[in-house]
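In what follows, chains are A, B, ... by sequence order, proteins preceding strands, each numbered from 1.
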Amino acid sequence: MLIEENRDTGVLRIEGLKNFNPKHIFECGQAFRWNWDGQGYVGVVGDKVVRVLWERSTLTLENATYDDFNIVWLDYFDLNTDYGRIIEKLSRDPILVEAIRHGWGIRILNQDPWETLISFIISARNGIDRIKATVERISQKFGEKISWAGRDYYKFPSIDVLADADEDELRSCGCGYRGPYIKGTAQLIRSGEINLDALKYMDYEDAKEQLLACPGVGPKVADCILLFSLRKGQAFPVDVWIGRIMEELYSQEMKEFKDIREFAENRFGDIAGYAQQYLFYYAREKQIGKAPSKR
DNA sequence: AAACAGGAACCAC
DNA sequence: GTGGTTCCTGTT
């Protein structure tokens, strides 16, 4: 990996990178604050706005510095993980090969646990576009403004701000019945009863048990938080899309989501979550289980 | 414009 | 612990 910084333009180039496809990374349902703006994918991460471009094994980050790279982006984009090795392992399962081919360049981001927790509470019984819109409105209403290249962006709000949020204002962001869950969870986190940062150092089962104590967090949402922000590679979030694709590809007797989760943990082990990402992207791309749209 | 899509809580038993 | 019902909003 060769890194080249231009301090005048704020452009950082990382060369010699493999397995990085922004479209697949940002549109596989793991993150909600990345949008295509005509030039690249622009995202708000922590207190930073960055634009991401990828071309011929060169990753370009606009509005980034070398220091940011070491402190934030290296870990955020999971650049120290050898995806070639993960793909090789998963490809031993012939059923996965086609899904991996479609979703080439997917990476599991290492996101902020707090933002991920709230985002996936919002995700319950919800679609990606609506989740994104709701998270954006919550950030606009409760988060701090940051500006870049003539546009305004908003940080994801702090624990304190959401713990004290006015319920009507929260609801006006379009979160519906999840509003009280968001506030309740924020208060639970603020109380210190659950220490999100500590979950990273706990094993999968213990961390999951803690997350399940948050209102609005069930098995699927907990697995998303564990996988996308707490480095728990064995987490295998099962939603309707995964249910459909697993039924189609593995045609197992899996009546319930719990059965699918157990099947995946047994079959894929500590890289089950990576398999899940390929399968999810594949299922959505193929519109599995959906009738062809009438026109 | 009624139907639909999408996980968790809650209350029975 | 299992089964059925309800929660909210944007899209078709």
Taking atom types as they are modelled, would you say the side chain of Tyr177(A) forms a donor-acceptor pair with the base of dG7(B) within the 3.5 Å cutoff?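 Between dG7(B) and Tyr177(A), which were checked side chain against base, a qualifying N/O pair under 3.5 Å is present.
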Once you apply a heavy-atom cut-off of 4.0 Å, does [X] come out as touching a base, just sugar-phosphate, or nothing?
X: Cys214(A); value: sugar-phosphate
X: Phe257(A); value: nothing
X: Gly127(A); value: nothing

Nearest whole Å is fine: how far is [N] [atom2] from [X] [atom1]?
X: Arg261(A); N: dA8(B); atom1: CZ; atom2: C1'; value: 12 Å
X: Lys220(A); N: dG6(B); atom1: NZ; atom2: P; value: 11 Å
X: Ile121(A); N: dC8(C); atom1: CD1; atom2: P; value: 16 Å
X: Ile128(A); N: dG7(B); atom1: CD1; atom2: C1'; value: 15 Å
X: Lys132(A); N: dG6(B); atom1: NZ; atom2: P; value: 17 Å
X: Arg178(A); N: dA5(B); atom1: CZ; atom2: C1'; value: 11 Å
X: Asp129(A); N: dT12(C); atom1: CG; atom2: P; value: 10 Å
X: Asn126(A); N: dT6(C); atom1: CG; atom2: P; value: 21 Å

Neighbour count >12 (heavy atoms, 6.0 Å) for atom CD, Glu205(A):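 Counting neighbours around CD of Glu205(A), more than 12 heavy atoms of other residues, nucleotides or ligands fall under 6.0 Å, so yes.
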Other residues, nucleotides, ligands: >12 heavy atoms within 6.0 Å of Glu144(A) CD: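 Atom CD in Glu144(A) is not packed in, count stays at 12 or less.
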Measure the spacing between CG of Leu211(A) and CG of Leu196(A) and express it to the nearest 0.5 Å.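 Going from the CG atom of Leu211(A) to the CG atom of Leu196(A) covers 7.0 Å.
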Is Arg130(A) close enough to dG6(B) that one of its side-chain N or O atoms is under 4.0 Å from OP1 or OP2 there?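 No, because none of the side-chain N or O atoms of Arg130(A) sits under 4.0 Å from OP1 or OP2 of dG6(B).
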When you measure from the side-chain N and O atoms of Trp241(A) to the phosphate of dA5(B), is any distance below 4.0 Å, counting only OP1 and OP2?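 It does not, given that no N or O in the side chain of Trp241(A) lies less than 4.0 Å from OP1 or OP2 of dA5(B).
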side-chain contact (heavy atoms from CB on, under 4.5 Å) evaluation trace for Asp160(A) with Arg190(A): CA-CA 7 Å; Asp160(A) 273 334; Arg190(A) 179 168 66 177; 2.8 Å; yes
Under 4.0 Å between a side-chain nitrogen and a carboxylate oxygen: does that hold for Asp78(A) and Arg231(A)?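 A salt bridge is present here (some side-chain N lies under 4.0 Å from a carboxylate O).
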In terms of side-chain heavy atoms of Lys258(A), which of dC8(C), dT2(C), dG6(B) is nearest?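 Given the options dC8(C), dT2(C), dG6(B), the side chain of Lys258(A) is closest to dT2(C).
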Map Arg137(A) and Glu256(A) onto DNA chain C by nearest heavy atom, then report which one ends up closer to the 5' terminus.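 Whichever sits nearer the 5' end wins; that is Glu256(A).
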